[in-house]
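All values below were derived from every heavy atom in this structure, side-chain atoms included, with hydrogens, water molecules and symmetry-related copies excluded.
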Amino acid sequence: MLAIPMPGGIEKPALKIRQRDGKLKATLKGRRGSKRLKNFTLEGSSFAFEQMIETPKGDIDMKFRGSIQGDRIQGVIELPMGILPFTGKRKLY
């Protein structure tokens, strides 16, 4: 579960990462819906992915990068208007 501080409050999308047939699969699910992340990479404890979101003012390319440390993650999102930090923690099912 991610926590992303936004002007309207904290967004809490779910980042789901799983391994299937030796390949990593990742999905980001939030209030704008669920999207499969086709360009998700994981090297050691570092990860990165991009997501394009549609807004009334046009599409925005969001570049996520961060690291996993135990049950916690942290990182930044690069946006056209600046950089946003995010944190997260593993949700056990």
Side-chain angles (χ1 to χ4, degrees):
M1 299 302 296
L2 302 181
I4 305 169
M6 301 292 282
I10 296 181
E11 295 280 333
K12 295 184 178 180
L15 173 62
K16 184 176 182 178
I17 305 166
R18 65 185 186 279
Q19 188 172 13
R20 181 177 290 166
D21 300 326
K23 296 180 183 178
L24 289 175
K25 306 284 183 181
T27 305
L28 189 65
K29 183 178 181 181
R31 66 183 180 107
R32 290 187 170 102
S34 180
K35 288 196 175 190
R36 185 172 176 194
L37 305 172
K38 296 180 181 178
N39 56 351
F40 180 85
T41 61
L42 179 65
E43 293 182 28
S45 64
S46 297
F47 67 90
F49 63 91
E50 294 182 26
Q51 181 186 27
M52 182 74 69
I53 60 168
E54 297 176 13
T55 73
K57 296 181 181 182
D59 293 348
I60 296 176
D61 185 28
M62 303 172 69
K63 296 178 182 177
F64 290 72
R65 55 188 168 85
S67 63
I68 302 168
Q69 299 158 356
D71 288 340
R72 300 201 176 274
I73 65 173
Q74 64 181 14
V76 295
I77 306 167
E78 296 176 25
L79 300 161
M81 61 287 261
I83 294 177
L84 284 176
F86 69 87
T87 59
K89 63 181 181 176
R90 184 185 314 253
K91 179 179 178 182
L92 301 176
Y93 294 95

*Share the residues that join I83 in a hydrophobic cluster, the rule being Ile, Leu, Val, Met, Phe, Trp or Tyr side chains under 4.5 Å apart at the heavy-atom level.*
V76
*Can you list the residues that meet the salt bridge (Lys or Arg N to Asp or Glu O under 4.0 Å) rule with D21, with sequence neighbours excluded?*
none
*Residue pair A14 / M1: nearest heavy atoms and the distance that separates them*: CB-SD, 3.8 Å
_Qualifying residues under salt bridge (Lys or Arg N to Asp or Glu O under 4.0 Å), relative to R36, sequence neighbours excluded_ = none
*Qualifying salt bridge (Lys or Arg N to Asp or Glu O under 4.0 Å) pairs, either residue in residues 79-89, two or more places apart*: none
_Can you confirm whether L24 sits close enough to F40 that some side-chain heavy atom of one is under 4.5 Å from a side-chain heavy atom of the other?_
yes
*Where do P85 and P5 come nearest, in terms of heavy atoms and distance?*
O-CD, 3.2 Å
*Same cluster or not: are M6 and L2 linked, directly or through other Ile, Leu, Val, Met, Phe, Trp or Tyr residues, by side-chain heavy atoms under 4.5 angstrom apart?*
yes
*Say you draw a straight line from CG of L79 to CG of L84; how long is it, rounded to the nearest 0.5 Å?*
5.0 Å
Could you pull out every donor-acceptor pair under 3.5 Å between side chains of residues 50-65 and any protein atom, sequence neighbours left out?
{"from": "T55", "atom 1": "OG1", "to": "K57", "atom 2": "N", "distance (Å)": "3.2"}
{"from": "T55", "atom 1": "OG1", "to": "G58", "atom 2": "N", "distance (Å)": "3.2"}
{"from": "T55", "atom 1": "OG1", "to": "G58", "atom 2": "O", "distance (Å)": "2.5"}
{"from": "R65", "atom 1": "NE", "to": "E78", "atom 2": "OE2", "distance (Å)": "2.6"}
{"from": "R65", "atom 1": "NH2", "to": "E78", "atom 2": "OE2", "distance (Å)": "2.9"}

_My understanding is that only residues two or more places apart in sequence, or in another chain, count here; which of them pass salt bridge (Lys or Arg N to Asp or Glu O under 4.0 Å) with R18?_
none
*Write down the atom of F47, the atom of S67, and the distance for their closest heavy-atom approach.*
CE2-N, 3.6 Å
*Supply the atom-to-atom distance I4 CD1 to E11 CD, rounded to the nearest 0.5 angstrom.*
7.0 Å
*Transitively linked via ILVMFWY side-chain contacts under 4.5 Å: M81 with I10?*
no
*Supply the atom-to-atom distance I68 CD1 to I17 CD1, rounded to the nearest 0.5 angstrom.*
4.5 Å
